[in-house]
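Step one of this worksheet: look at the structure below.
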2 protein chains.
Amino acid sequence: MFDWDDLRVFLAVARARKVAPAARTLGIDGTTIARRLGRLEKALDAQLFEVGVGDRTLTARGRELLAHAETAESAALAALEEVKGQEHRLSGQVRLSVAEGFGTWVLAPGMGDFNRRHPGIRLDLVTASGFLNPSNREADMAVMLARPQRGRLTVRRLGDYRLHLYASPAYLERVGRPGKPADLRDCTLIGYVPEFIFSPELDYLDEVEPGLEANLRSTSIIMQQRMIAEGAGIGVLPDFIGRRDPALMPLMTDRVEITRSFWLVMQGDMRRLARIVAVADWLQERIDTLKPIDAARQAR
Amino acid sequence: MFDWDDLRVFLAVARARKVAPAARTLGIDGTTIARRLGRLEKALDAQLFEVGVGDRTLTARGRELLAHAETAESAALAALEEVKGQEHRLSGQVRLSVAEGFGTWVLAPGMGDFNRRHPGIRLDLVTASGFLNPSNREADMAVMLARPQRGRLTVRRLGDYRLHLYASPAYLERVGRPGKPADLRDCTLIGYVPEFIFSPELDYLDEVEPGLEANLRSTSIIMQQRMIAEGAGIGVLPDFIGRRDPALMPLMTDRVEITRSFWLVMQGDMRRLARIVAVADWLQERIDTLKPIDAARQAR
DNA sequence: TGAATATGCTGCAAATTTGCAGGATGATTT
DNA sequence: AAATCATCCTGCAAATTTGCAGCATATTCA
C-alpha cells in the first residue's frame, strides 16, 4: 500500500500544475514534493504526469487517480472539520442515555432552553434499554436510576426523587380506594415486565408489599402511565410523572413512599470536556426543578 | 492538516481493537502504530480510543472519524486498483456476498462459465448473514433481496423474481390440495425463523395471508426447500428454486404470487474497476436466464 | 533577443521517524 | 494458584525523510 499522505501532495501538484507553487501552498519544500510524487508513481507503477517540460499535466492514469484522491481529500477534510478540537469547544454532539420517563417528563420540556443556551451542542436523547454500555460507547453520558458499580466510570448523584402509588379517580370510584398496602392484592396492578427489570431498584411493587405482582405490564413507564390514567388500575410512578398528570391521584402517600436517586454516569475521560460539563450542569438544574414538586406534595 | 497516512493505522487499530495485531497486519512495529496514533490524536485534538486497559474501543469522536477514514480508505483502495500497473486487466479477487438460495441455484451453476470467461478473476461467494457490512469490507459487492438505504453505496436493480407456494405431490395427496390462501391455516407451513428475518421483505407468509405463521422453520432457504420436497408441508419459495426441483409443485399460482427484486450493491469507488464490471455483467446475465423460467410458468 | 525570474534537480547535514530490546502489567491457561 | 503468553510503554541506535544551497534549464517580459 502506498502512503496515503502522498495523495495530498499529488492533489496539490495536480491543481497547481507545478511543483513549486504546490510546495508553497503545502508549506513543504519542493524537493520533498518531487520525491514523494516519485515515490507515489513508483508505488502505483504508473506515470501520473506528462514527462515533457513546462506545466505538469495529468496523464490518463493521473486523471483516474485524481478522482479517487479528491474523494479521499473530502473525507479527510470532513474528518478534520468534524473531529478537530471538539474537545474544547462548546459545540459538537453529546449523546445522553436516559430512562424513558425521565427523558419525557423532565428533560424534554427543557430541551428548548438548552438549545438556546448552547446552540452549538447537539444533544441527542437516546432511551436506555437498561444500562449504559460503556464498552460500546453507545452514549457519552447517562442518567441512570440505579448506581452502576462496575467499570471505570465516573458516577455522580444528581438528586433524589420519590415514587408513590397512583390511580385515576374513575378507577377508585369503580373499585374503591385501598386503605393499606395489603388491599392492593385485590386491585388491578400495573407495572414493569419482570423479565425486563434490569435492576432490583425498579421492582417497586415488591417493595410496596412483598409478593405483589402486576397484572398489566409494560416495559415502558409512559405506557404504564397511560394505562393508569385511563383507569385500568393502580401503579407506582415517580412523582415527576404522576404529579404532573391531572388525571392521576396519589394514594396512601403517608404509608407508601419510595425514594430513589438519579445517577449521572459518564466515561472518566469525558468529564472535563466543555460540552459535557454544560450538559451535566443543565441536568443538575433540571433535576433541581423537581424539588418544588416534592415540596408541594409534602405540604398537602 | 494531519498526515493522511495516519488514517490507515487508525483504521487498522479500530478493527483489530489492539495495537499489536494491527501492527502485524500492517507490517509496522507496534511502537510506531502507537506513536502515529498519538500524533493523530494530537493533530485532531481529540481522544479517539478509550484510555483504559484492555481492548482499544473507539470513543464517540473515534467513531465519527471512523466513518470518514473508511471513505478515505475505499478511495485509496480503488485508486490502487485502478491505477496500479496492470490496472485494466481482468484479474484479481472479487468477493461477492449473496443470499444462500440465490447463490446455490442461480450463481453456482454458472460459476464454471464465469471462470472460463475470466480465468484471471477469483470469484468468492460468501453467504450473507443479512446485509453487507461496508465498513469491514467483508465483501466487494453484494446481491441483496432488499434495497439498502443507508450508506454511501452504489445500488442497482438487477431484475425481478417471483415467489409462489410450493409443496410435494406426496404432501398434497396426503392432506389434500388447498384451494385458497385461507386453507393454509390448516396446513403445515414452512418458513423463516421470525427472529432472523432481517428485512420485512422476507416475511412472505404474512403477505400470502395475514397472520399466517410457519410451523417448521429454518433460517436456511435450502433447508426449507428440502423440507418441502420431503413432503413436510407447504412453503413459499422463489421460482428459481421451486421450478427447478421436479419434486416440487407450485400451488395457487393464479391467486398467490409475490414479486421481489434483486439489488446489486457495491462501494461507489469500485464501480468502474474492470473485474467488478465483469462480475456485474455476468450477474445480470445470470439473472436474465431466470426470465424463461418465469415465462414457462406463465405459459402453463 | 536578452535579462530577469522561476522551476526543478543533485549533494549534504539536520530532523524526524522507525524498529528493537527490556521490563511492567494484565489476560489466559494449566 | 502458578505459570505462560501477550500487550504495550520507555530509551537508544539505525534508517529514512526533509530542507537547504547551488546549479542547469525553462519561462516571461521588455
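Letters go in sequence order (proteins before strands), and every chain restarts at 1.
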Between [N] atom [atom2] and [X] atom [atom1], what is the distance in whole Å?
X	N	atom1	atom2	answer
B:Phe49	D:dC8	CZ	P	11 Å
B:Leu26	C:dG19	CG	C1'	15 Å
B:Asp55	D:dC8	CG	C1'	13 Å
B:Asp29	D:dA15	CG	C1'	14 Å
A:Ile28	D:dT18	CD1	P	8 Å
A:Asp5	D:dT18	CG	C1'	13 Å
A:Arg8	D:dT17	CZ	P	16 Å
B:Ile33	C:dC20	CD1	C1'	15 Å

Indicate, with yes or no, if the rings of B:Phe10 and B:Phe2 have centres closer together than 6.0 Å.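 No: the rings miss the under 6.0 Å criterion.
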CA sep, side-chain torsions, deciding dist, call: A:Glu41, A:Arg36, salt bridge (charged side-chain N to carboxylate O under 4.0 Å, His left out): CA-CA 9 Å; A:Glu41 289 192 329; A:Arg36 291 180 67 171; over 6 Å; no
Of the nucleotides C:dC20, C:dC9, D:dC8, which has the atom closest to the A:Arg56 side chain?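 When the side chain of A:Arg56 is considered, C:dC9 is the closest of C:dC20, C:dC9, D:dC8.
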Among D:dC9, D:dT7, C:dG8, the nucleotide that comes nearest once only the side chain of B:Pro21 is considered: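 Of all the options, the side chain of B:Pro21 is nearest to D:dT7.
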Below 4.0 Å: OP1/OP2 of [N] and any side-chain N or O of [X]:
X	N	value
A:Arg24	C:dT7	yes
A:Thr32	D:dT17	no
B:Thr31	C:dG19	no
A:Arg36	D:dT18	yes

Just to be sure I understand the rule, does A:Arg17 reach a base, reach only the sugar-phosphate, or reach nothing, if contact means heavy atoms closer than 4.0 Å?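 A:Arg17: no heavy atom of the nucleic acid under 4.0 Å.
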Which part of the nucleic acid, if any, lies within contact of A:Arg35, taking any heavy atom under 4.0 Å across all strands shown: a base, the sugar-phosphate backbone alone, or nothing?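 If one applies the 4.0 Å heavy-atom cut-off, A:Arg35 turns out to touch a base.
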Going from CD on A:Glu82 to CG on A:Leu80, what distance comes out if it is rounded to the nearest 0.5 angstrom?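 Between atom CD of A:Glu82 and atom CG of A:Leu80 there are 11.0 Å.
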Taking the side chain as every heavy atom from C-beta outward, state whether A:Tyr192 and A:Tyr204 have any atom pair closer than 4.5 Å.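 Answer yes - side chains close enough.
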Determine yes or no for a side-chain-to-main-chain donor-acceptor pair under 3.5 angstrom, with A:Thr59 supplying the side chain and A:Gln47 the backbone.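 Indeed, once roles are kept as given, a pair shorter than 3.5 Å links the two residues.
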